[in-house]
Amino acid sequence: MPSYIVLLGPPGAGKGTQAKILADTFGLVHVSSGDIFRENLKAQTELGKRAQNFMNRGELVPDDLTIAMIRERLSRPDCKLGAILDGFPRTPAQADALAVMLGELGGKVDVVPYIAVPAPVLIERLSGRWTCRASGHVFHEKYNPPKIAGKCDFDQSELYQRDDDKSETVARRIQVYTDQTAPLIEYYQKRNLLAEVDGTQGIEVVGQQLLKAVKKYAL
Ligand code: AP5
Ligand code: MG
C-alpha cells in the first residue's frame, strides 16, 4: 500500500526544507503544489498563467485547478510508493478531495506532521530565503547558507528570491493561511492524524522530531 505524508504549516514554516529530507529518508517523491505552479509559470503553460495572478497577490489558486493538478501528479508512476505532500491540501475542500483521490490510488493519508511557527519568525525566514531555480532547494542567508553564495549546493543552479516573498505579500499569505488553511489542524486532529512539531528549533532538530512523529505511524 502506498504511503502519503501531508506536511502542514504556515508559509515559511519549513515544509519544503523538511519535505526534501523526508523524501530522501523514505524514498518517496516530494510533491509541492507551490513548486508545480512555479514550474508551470516558468514554462508559461495555461495553468501557470492562470495561477500567476493569485500567487503574486498571496491568494490561493482556486480549488478546482489545484485539485486537478495534484490528481494528475499523484497518478504518475513515480508516485507508486506514495508521496510527501507539501502545500496541499490547503482548504477543507482540498482535504476532502485528497481523501477521495488517495482512496482511488489504494491508499490514504497516513500522518499529518504540523510544523508550528509563530508569525514574526515566519517573516524573518521568508525575507532571508533563497530558492534554487532547478529543483526548488531552499537556503537561508543566516540559518542555512549555501556553501557558495548565489549557487545551490545540490545542483549548482542559480539561487533567486521568490516574488511572493516581498513583505506585503508575505503578510497576506500568513493571513490567508490563518483564514483558510489553519482549519485543517482541527480537521486532521479529529481524524487522529495530526502530529505537531515545534518548528522554531533548528532545521536538524525539527527534522529529527518529524522523523520520530512519522515513524510512529507504520511506514
Ligand atoms: P508554496 O510554495 O507552497 O508556499 P508556502 O506554503 O507559502 O510555503 P513556503 O514555500 O513559503 O514555505 P515552506 O514552509 O516551504 O518553508 P521553507 O522550507 O522554504 O505556495 C506558494 C503559492 O502557491 C501560494 O501562496 C498559493 O498562491 C499557491 N498554492 C500553493 N499550493 C496551493 C494550494 N494547495 N491551493 C491553492 N493555492 C496554492 O523555509 C523557509 C525559509 O526558512 C528558508 O529560507 C529555510 O532555509 C528557512 N528554514 C526552514 N526551516 C528552518 C528552521 N528550522 N530554522 C531556521 N530557518 C529555517
Ligand atoms: Mg515551500
Side-chain angles (χ1 to χ4, degrees), residues 6-23 30-41 47-48 50-71 73-74 84-95 97-98 113-119 121-132 135-146 152-153 159-166 169-182 184 197-210:
V6 169
L7 283 184
L8 194 60
K15 300 183 297 297
T17 302
Q18 299 296 341
K20 292 238 181 273
I21 301 172
L22 288 172
H30 172 204
V31 173
S32 156
S33 43
D35 284 355
I36 304 176
F37 282 130
R38 281 183 287 278
E39 283 158 20
N40 275 277
L41 203 68
L47 175 66
R50 288 178 74 180
Q52 182 170 26
N53 285 335
F54 297 100
M55 295 174 79
N56 285 348
R57 282 185 281 124
E59 304 290 338
L60 295 186
V61 179
D63 281 341
D64 54 343
L65 283 182
T66 308
I67 290 167
M69 175 182 87
I70 293 295
R71 178 185 287 280
R73 181 67 191 90
L74 291 178
I84 312 283
L85 284 150
D86 154 13
F88 183 93
R90 251 173 157 98
T91 62
Q94 291 182 16
L98 180 66
Y114 161 48
I115 309 175
V117 178
V121 180
L122 300 173
I123 292 164
E124 202 204 350
R125 285 192 187 172
L126 293 176
S127 63
R129 169 166 62 186
W130 290 83
T131 303
C132 117
S135 43
H137 292 106
V138 286
F139 298 88
H140 190 281
E141 51 199 33
K142 186 159 144 201
Y143 302 118
N144 185 23
C152 176
D153 287 0
L159 301 179
Y160 74 102
Q161 288 194 291
R162 274 171 43 180
D163 282 346
D164 62 348
D165 281 347
K166 286 197 249 30
T169 319
V170 164
R172 182 64 195 145
R173 284 163 60 203
I174 293 173
Q175 190 58 49
V176 166
Y177 167 82
T178 306
D179 296 343
Q180 300 186 51
T181 306
L184 291 182
V197 166
D198 173 4
T200 61
Q201 308 168 95
I203 292 174
E204 247 175 67
V205 179
V206 174
Q208 285 158 4
Q209 296 195 353
L210 282 173

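We count ligands from 1, going down the list as the structure has it; atoms in each ligand are counted the same way.
Contacts between Leu126 and ligand 1 below 4.0 angstrom, taking non-hydrogen atoms only, involve the side chain exclusively. Contacts of Gln201 with ligand 1, taken as heavy-atom pairs under 4.0 Å, involve the backbone alone. Only the side chain of Thr66 comes within 4.0 Å of ligand 1, counting heavy atoms alone; its backbone N, CA, C and O stay farther away. Here Trp130 has no heavy atoms under 4.0 Å from ligand 1, in either its backbone or its side chain.
To the nearest 0.5 angstrom, Thr131 atom OG1 is 8.5 Å from Asp35 atom CG. Expressed to the nearest 0.5 Å, how far CH2 of Trp130 lies from SG of Cys152 amounts to 13.5 Å. Note: Thr200 OG1 to Leu122 CG = 10.5 Å, rounded to the nearest 0.5 Å.
In this structure, atom 50 (N) of ligand 1 lies nearest to the protein heavy atom Ile203 CG1, 3.6 Å. Ranking the protein heavy atoms by distance from atom 16 (O) of ligand 1 puts Gly14 N, 3.2 Å first. With hydrogens left out, the protein atom closest to atom 22 (C) of ligand 1 is Met55 CE, 3.9 Å, a heavy atom. Closest protein heavy atom to atom 54 (N) of ligand 1: Arg125 NH2, 3.3 Å. Counting only heavy atoms of the protein, atom 49 (C) of ligand 1 lies nearest to Thr17 OG1, 3.6 Å. Protein heavy atom closest to atom 34 (N) of ligand 1, with residue, atom name and distance, is Gly87 O, 2.8 Å. In terms of protein heavy atoms, atom 37 (N) of ligand 1 is closest to Val61 N, 3.0 Å. Of the protein's non-hydrogen atoms, the one nearest atom 26 (C) of ligand 1 is Glu59 O, 3.5 Å.
For the residues Arg90, Arg129, Arg38, the heavy atom positioned nearest atom 9 (P) of ligand 1 is part of Arg129. Heavy-atom proximity to atom 10 (O) of ligand 1, evaluated over Arg162, Lys15, Glu124, is greatest for Arg162.
Between Leu41 and Gly48, the shortest heavy-atom contact is CD1-O, 3.0 Å. Arg129 approaches Val138 most closely through the heavy-atom pair CD-CG1, 3.8 Å.
Near Gly202, with a cut-off below 4.0 Å to any heavy atom, the atoms of ligand 1 are 53 (N). Of all atoms in ligand 1, listed by their number and element, those nearer than 4.0 Å to a heavy atom of Tyr143 are 55 (C), 56 (N). Applying the 4.0 Å criterion to heavy atoms of Pro10 picks out, from ligand 1, the atoms 14 (O). Atoms of ligand 1 found under 4.0 Å from any heavy atom of Asp164 (numbered from 1 in listed order, with element): 21 (C). Residue Val138 approaches ligand 1 through these ligand atoms, each under 4.0 Å from one of its heavy atoms: 18 (O), 19 (O). Atoms of ligand 1 found under 4.0 Å from any heavy atom of Phe139, numbered from 1 in the order shown, are 43 (C), 44 (O), 46 (O). Atoms of ligand 1 found under 4.0 Å from any heavy atom of Gln94, numbered from 1 in the order shown, are 33 (C), 34 (N), 35 (N), 36 (C). Atoms of ligand 1 lying under 4.0 Å from any heavy atom of Ser33, numbered from 1 in the order shown and given with element: 30 (C), 31 (N), 32 (C), 34 (N).
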Under 3.5 Å, sequence neighbours excluded: what are the donor-acceptor pairs made by side chains of residues 53-60?
residue, atom, partner, partner atom, Å
Arg57, NE, Asn53, O, 3.3
Glu59, OE1, Arg172, NH2, 3.4
Glu59, OE2, Arg172, NE, 2.7
Glu59, OE2, Arg172, NH2, 3.3

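Applying the ring pair (Phe, Tyr, Trp, His ring centres under 6.0 Å) test to His30 and every residue at least two apart in sequence or in another chain returns nothing.
Side-chain contact between Leu126 and Arg173 is present, with heavy atoms from C-beta onward closer than 4.5 Å. Side-chain contact between Gln94 and Leu98: absent, with no pair of heavy atoms (C-beta onward) separated by less than 4.5 Å. Between Thr66 and Arg90, the closest side-chain pair of non-hydrogen atoms is not below 4.5 Å. Put simply, the side chain of Pro89 reaches to within 4.5 Å of the side chain of Val6, judged on heavy atoms. Looking at heavy atoms from C-beta onward, Ile174 lies in side-chain contact with Ile123 at the 4.5 angstrom threshold. Under the 4.5 Å side-chain criterion, counting only non-hydrogen atoms from C-beta, Glu141 is not in contact with Phe139. Residues Ile115 and Leu210 have side chains in contact (heavy-atom distance under 4.5 Å, counting atoms from C-beta outward).
Residues Asp63 and Thr91 bring a donor and an acceptor atom of their side chains to less than 3.5 Å of each other.
Taking 4.0 Å as the cut-off, Arg57 does not count as a neighbour of ligand 1 on heavy-atom distance.
Backbone and side-chain nitrogen or oxygen atoms of Leu60 are examined, and none is located within less than 3.5 angstrom of a nitrogen or oxygen of ligand 1. At least one N or O atom of Gly12, backbone or side chain, sits closer than 3.5 Å to an N or O atom of ligand 1. Distances between N or O atoms of Pro11 and those of ligand 1 include no value under 3.5 Å. For the pair Ala13 and ligand 1, the shortest N or O to N or O distance falls below 3.5 Å. At under 3.5 Å, not a single nitrogen or oxygen of Asp86, backbone or side chain, sits near a nitrogen or oxygen of ligand 1. For ligand 1, the polar-atom distance check against Phe54 finds no nitrogen or oxygen pair separated by under 3.5 Å.
Shown here is Arg50, whose CZ atom has no more than 12 heavy atoms of other residues, nucleotides or ligands within 6.0 Å.
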Between Ser33 and Ile70, is the side-chain contact (heavy atoms from CB on, under 4.5 Å) condition met? List the steps.
CA-CA 7 Å; Ser33 43; Ile70 293 295; 4.1 Å; yes

